[in-house]
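Since the structure comes first, as structure tokens, the remarks are kept for the end.
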Amino acid sequence: METIETIANIRERVQAWKREGLRVGFVPTMGNLHSGHLALVDAVREHSDRSMASIFVNPTQFGPGEDYESYPRTLEADRALLEQKGTDLVFAPPVEEIYPDGEPLTWVNVDQLDQHLCGASRPGHFRGVATVVAKLFNIVQPDLAAFGEKDYQQLAIIRRMVRDLCMPVEILGVPTMREADGLAVSSRNGYLSERERSLAPELYQHVQQARDAALAGERNYAHLCQRMSRALEERGFTVDYFEVVNADTLAPAGPDDQQLVIAAAAWLGKPRLIDNIAVEIVGT
Ligand code: PAF
């Protein structure tokens, strides 16, 4: 499995595959790979002839005071995992290759969808994500790219960017990978202390409780979310948001909405954990 660092070389390799008529699947990552990423790798391998991943810790999606500098960089371990999974090629550019002039002047903003949930408390985060994913798509020109449903808002934003900008890339959403106790797998779980790790699955448990309440007919979502937030705070979480949103607009859901997402983000010690469940309300 080859690792390529430059835009010129990665383009050459991928274009050669495409000239042979091969379908190219792509998994963009920031490295520090875990089973959630490997599920994305499996998904693209299943749907393409050649698979590749990028490993790039993207500075423009980290806000001031976030963990850009300390974000784990584990290139050799990541390469070994990708190779075991049969990945054909890795793109691991240095930061100057992607941002040769420092901060770009051209940004991709996906309006409205970036206003809610994580976008409300991480201003600029999704602008950084959409911009780097657009750059990576322009560089690699994949036929297919996979993203995790755990980052539901990111997936929704990328789907919309691809549609709005007519990018010829099929986007595959891959279900959230969970530990045996339900905790969504995340690179940031490694920051949890032993005690925090034992509490962490309660975030998902509360999202499930909210889902069950909505399915049982509860429609006062603001009240439901307040209850869930309070219960999490009592357990030691610092809740950023706990919301029931419309699955398409990501705006707070009303009683008549049928496609919902229940999404939560909360700090537990150092890491900020996120989780979500999609819910379909039928026959009301
Ligand atoms: O989900 C991630 O790891 C990142 O946001 C992504 C999509 C690789 C862009 O940097």
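Counting convention: from 1, in listed order, for ligands and their atoms alike.
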Original post:
Short list, please: which atoms of ligand 1 are under 4.0 Å from a heavy atom of Gln154?
Top reply: 1 (O), 2 (C), 4 (C), 5 (O), 7 (C)

Subject >> atom 4 (C) of ligand 1: nearest protein contact (heavy atom, Å) >> reply: Gln61 NE2, 3.7 Å

**OP:** Look at the aromatic rings of Tyr99 and Phe56 and report parallel, tilted or perpendicular, splitting at 30° and 60°.
**Re:** tilted

Original post:
Does Asn276 use its side chain to pair, donor to acceptor, with the backbone of Lys150 at less than 3.5 Å?
Top reply: yes

**OP:** Report the part of Ile158 (side chain from C-beta onward, or backbone N, CA, C, O) that has a heavy atom under 4.0 Å from ligand 1; answer both or neither where that applies.
**Re:** neither

Original post:
So, do Tyr152 and Ile274 sit near enough that their side-chain heavy atoms are less than 4.5 Å apart?
Top reply: no

Original post:
Which ligand 1 atoms does Val132 reach within 4.0 Å, using its non-hydrogen atoms?
Top reply: 9 (C), 10 (O)

Original post:
Is it true that the NZ or CZ of Arg211 lies under 6.0 Å from the centre of Tyr221's six-membered ring and within 45 degrees of the ring axis?
Top reply: no

